[in-house]
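Heavy atoms only: backbone and side chains are in, while hydrogens, waters and symmetry mates are out.
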Amino acid sequence: MTFTEKLVYLMNKNGIKNRSQLSKQSGIPYTTIVGFFEKGTENIRRTTLIKLSDFFNCSLEYLVSDEINDENYGCLLYTSPSPRDSWAS
């Protein structure tokens, strides 16, 4: 999936109906968001990627890599200690 395909997917998943709503909720300028779709994504600023990653609660790797399609990729999840964990005893 490309960056813009992921953006549309994440917007739909989070009930964001359009680019204007994404802009208002994420704090990213509307012209920046429209630029992703109209001008391409070759020169996205790191700060913008971080804002999107934080807003959608996904990793930067997921957003920028066309090969990674698991939105939970790179996210650390806390789980209870397993009996197999030696330090949990």
Requested in this report: Step by step, work out the side-chain contact (heavy atoms from CB on, under 4.5 Å) result for Phe55 and Asn14.
Outcome: CA-CA 10 Å; Phe55 179 76; Asn14 289 277; 5.8 Å; no
Report task. Quick one: list whatever passes side chain to side chain donor-acceptor pair (under 3.5 Å) with Thr32, sequence neighbours left out. Result -> none
Query - For Gln25, side chain to side chain donor-acceptor pair (under 3.5 Å) partners two or more places apart - result: none
Requested in this report: Not counting sequence neighbours, which residues clear side chain to side chain contact (heavy atoms under 4.5 Å, CB included) with Leu49? List them please.
Outcome: Phe3, Ile44, Leu60, Val64
Report task. Give a yes or no answer on whether the side chain of Lys51 reaches the backbone of Ile28 with a donor-acceptor pair at less than 3.5 Å. Result -> no
Requested in this report: Drop me the distance from Thr4's OG1 to Phe36's CZ, to the nearest 0.5 angstrom.
Outcome: 10.0 Å
Requested in this report: Grab the two heavy atoms, one from Tyr30 and one from Ser23, that are nearest each other, plus how far apart they are.
Outcome: N-OG, 3.1 Å
Requested in this report: Drop me the distance from Thr48's OG1 to Ile33's CD1, to the nearest 0.5 angstrom.
Outcome: 9.0 Å
Query - Those residues that, when tested against Arg46, pass side chain to side chain contact (heavy atoms under 4.5 Å, CB included) (two or more places apart) - result: Ile50
Requested in this report: Start with the C-alpha gap between Phe56 and Lys13, add the side-chain angles, then the distance that decides, and say whether side-chain contact (heavy atoms from CB on, under 4.5 Å) holds.
Outcome: CA-CA 10 Å; Phe56 286 120; Lys13 181 182 174 197; over 6 Å; no
Requested in this report: Nearest 0.5 Å please: distance from the CG atom of Leu10 over to the OG atom of Ser26.
Outcome: 12.0 Å
Report task. Supply the atom-to-atom distance Leu63 CG to Met1 CE, rounded to the nearest 0.5 angstrom. Result -> 10.5 Å
Query raised in the report: Got a second to check how far Thr31's OG1 is from Glu38's CD, nearest 0.5 Å?
Result: 10.5 Å
Which donor-acceptor pairs under 3.5 Å do side chains of residues 15-22 form with protein atoms, sequence neighbours excluded?
| unit_1 | atom_1 | unit_2 | atom_2 | d |
| --- | --- | --- | --- | --- |
| Asn18 | OD1 | Ser20 | N | 3.1 |
| Asn18 | OD1 | Gln21 | N | 2.7 |
| Gln21 | OE1 | Lys17 | N | 2.7 |

